[in-house]
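Remember, it's 1-based here, ligands and their atoms both numbered in the order they're listed. In this chain, numbering begins with 1 at the start of the sequence shown.
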Amino acid sequence: MNADPSKTITPHDTGCIFCKIVAGQIPCHKLYEDERVLSFLDIGPLSRGHCLVIPKAHYETIDATPGDLAGACAAVIARVSGAVRAATGATGFNVLQNNGAVSGQEVAHMHFHIIPRQANDGLGYRWLPGKLDAAGAATLIKAIGAGLER
Ligand code: AMP
């Protein structure tokens with residue numbers, strides 16, 4: 001993959017398992033690769049065809065990732081997910097992206113999961129919707145909008 005040290009992708013974290021995969025130091029079951037993005041099968045699949053899409057450069061979370069690189073990952077997700085769906089016969093799939101330990105992120109190198117789904121596959125998670133009120137929405141729009149202007 002990128003075994004030539006002169007071509008080290010930056011930023012790079014020598015202790016990161018996904019950086020090691022990118023550098024060719026440990027193997028993966030590769031599905032797709034281009035200059036900036038890599039996709040490979042998840043070693044602990046939730047369903048058949050469960051795979052990951054990662055930027056080659058090391059960013060811990062999506063909000064730390066340059067937008068164009070996140071966009072390049074999104075383009076690969078669109079492409080790989082269709083091929084995974086066709087190959088596995090999945091009738092749908094989830095794209096999951098965890099940020100921070102509290103969200104369930106275990107590998108601190110930004111990545112997207114593509115998780116093929118079948119009817120009655122037993123996968124799923126608690127989704128307990130609250131209710132958005134107008135005052136709460138207005139407060140959030142102001143606070144988030146301030147962050148977007150920075
Ligand atoms: P997350 O909990 O969102 O950080 O997900 C990390 C994912 O990486 C898990 O689904 C792991 O099974 C997967 N994973 C960890 N190490 C490897 C590896 N060497 N090759 C492929 N997948 C891996």
Any chain of hydrophobic side-chain contacts (each under 4.5 Å) joining [X] to [Y]?
{"X": "Met110", "Y": "Val80", "answer": "yes"}
{"X": "Phe93", "Y": "Leu41", "answer": "yes"}
{"X": "Ile114", "Y": "Ile62", "answer": "yes"}

Is there any N or O on [X] that sits under 3.5 Å from an N or O of ligand 1?
{"X": "Gly104", "result": "yes"}
{"X": "Gln105", "result": "no"}
{"X": "Phe18", "result": "no"}
{"X": "His113", "result": "yes"}
{"X": "Val107", "result": "yes"}

Note the single closest protein heavy atom to [atom], along with its residue, its atom name and the distance in Å.
{"atom": "atom 11 (C) of ligand 1", "answer": "Asp42 OD1, 3.4 Å"}
{"atom": "atom 19 (N) of ligand 1", "answer": "Ile21 CD1, 3.8 Å"}
{"atom": "atom 1 (P) of ligand 1", "answer": "His111 NE2, 3.2 Å"}
{"atom": "atom 14 (N) of ligand 1", "answer": "Ile43 CG2, 3.9 Å"}

Practice task
First locate atom OG1 of Thr88, then atom CZ of Arg117, and finally report the distance between them rounded to the nearest 0.5 Å.
Solution key: 12.0 Å
Practice task
Locate the shortest heavy-atom distance separating Cys28 from Phe40; write the atom from each residue and the value.
Solution key: SG-CB, 3.7 Å
Per-atom contacts of ligand 1 with [X], taking only distances under 4.0 Å to non-hydrogen atoms:
{"X": "Glu106", "answer": "1 (P), 2 (O), 4 (O)"}
{"X": "Leu41", "answer": "21 (C)"}
{"X": "Leu52", "answer": "8 (O), 22 (N)"}
{"X": "Gly44", "answer": "12 (O)"}

Practice task
State whether the number of non-hydrogen atoms from other residues, nucleotides or ligands found under 6.0 Å of Gln105 atom CD is greater than 12.
Solution key: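 Yes, enclosed.
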Exercise for the section: Determine whether Leu52 and Val107 make a side-chain contact, defined as any pair of heavy atoms from C-beta on separated by less than 4.5 Å. Expected result: no
Exercise for the section: Would you mind reporting whether Asp13 and Phe18 have side-chain heavy atoms less than 4.5 Å apart? Expected result: no
Practice task
From the options Lys56, Lys20, His58, select the one residue that forms a side chain to side chain donor-acceptor pair (under 3.5 Å) with His109.
Solution key: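 Result: among Lys56, Lys20, His58, His58 is the only option passing the side chain to side chain donor-acceptor pair (under 3.5 Å) with His109.
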